[in-house]
Amino acid sequence: MAHKYNWGQAYFDTYTILTNVNDESKISNESLATYYLLKSYEKNNSYAKEIVKEQFLDKGLKVPNSISILESKN
């Protein structure tokens, strides 16, 4: 739904689900979760803005674009 409708809240919901999954593929889930967080942030989702602020901006880090997260894992 996130991709089909290009909807920020759906990207954020997917991020939330992926960060709460406990299994062996945690590392790939984290990368995918970060992608969805950033995609939601790019769509101006207010919840994503708060988390991106905590994870990147408050630490003085540049916010990467969502595509760069997927490209760095290939």
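Every value quoted in this text rests on a predicted model; they were computed, and no experiment measured them.
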Donor-acceptor contacts under 3.5 Å from residues 47-56 side chains, at least two apart:
from, atom 1, to, atom 2, distance (Å)
K53, NZ, D58, OD1, 3.0
K53, NZ, D58, OD2, 3.4

From CA spacing to verdict: side-chain contact (heavy atoms from CB on, under 4.5 Å), L32, L70:
CA-CA 7 Å; L32 199 53; L70 295 182; 4.2 Å; yes
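- Between L37 atom CG and E30 atom CD the span is 12.5 Å, to the nearest 0.5 Å.
- Side-chain atoms of S40 come within 3.5 Å of backbone atoms of G8 as a donor-acceptor pair (strictly under, hydrogens ignored).
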What verdict does the side-chain contact (heavy atoms from CB on, under 4.5 Å) test give for N45 and Y11, after you've listed the backbone C-alpha separation in whole Å, the side-chain angles of each residue and the deciding distance to 0.1 Å?
CA-CA 9 Å; N45 178 274; Y11 286 110; over 6 Å; no
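- At distances below 3.5 Å, at least one donor-acceptor pair connects side-chain atoms of T14 with backbone N or O atoms of A10.
- I69 approaches P64 most closely through the heavy-atom pair CD1-CG, 4.0 Å.
- In terms of heavy-atom proximity, A33 sits nearest to T19 at CB-CG2, 3.7 Å.
- Residues L38 and N65 share a closest heavy-atom pair of CD1-O, 4.1 Å.
- Nearest heavy-atom pair, S66 versus K39, reported as atom, atom and distance to 0.1 Å: OG-CD, 3.6 Å.
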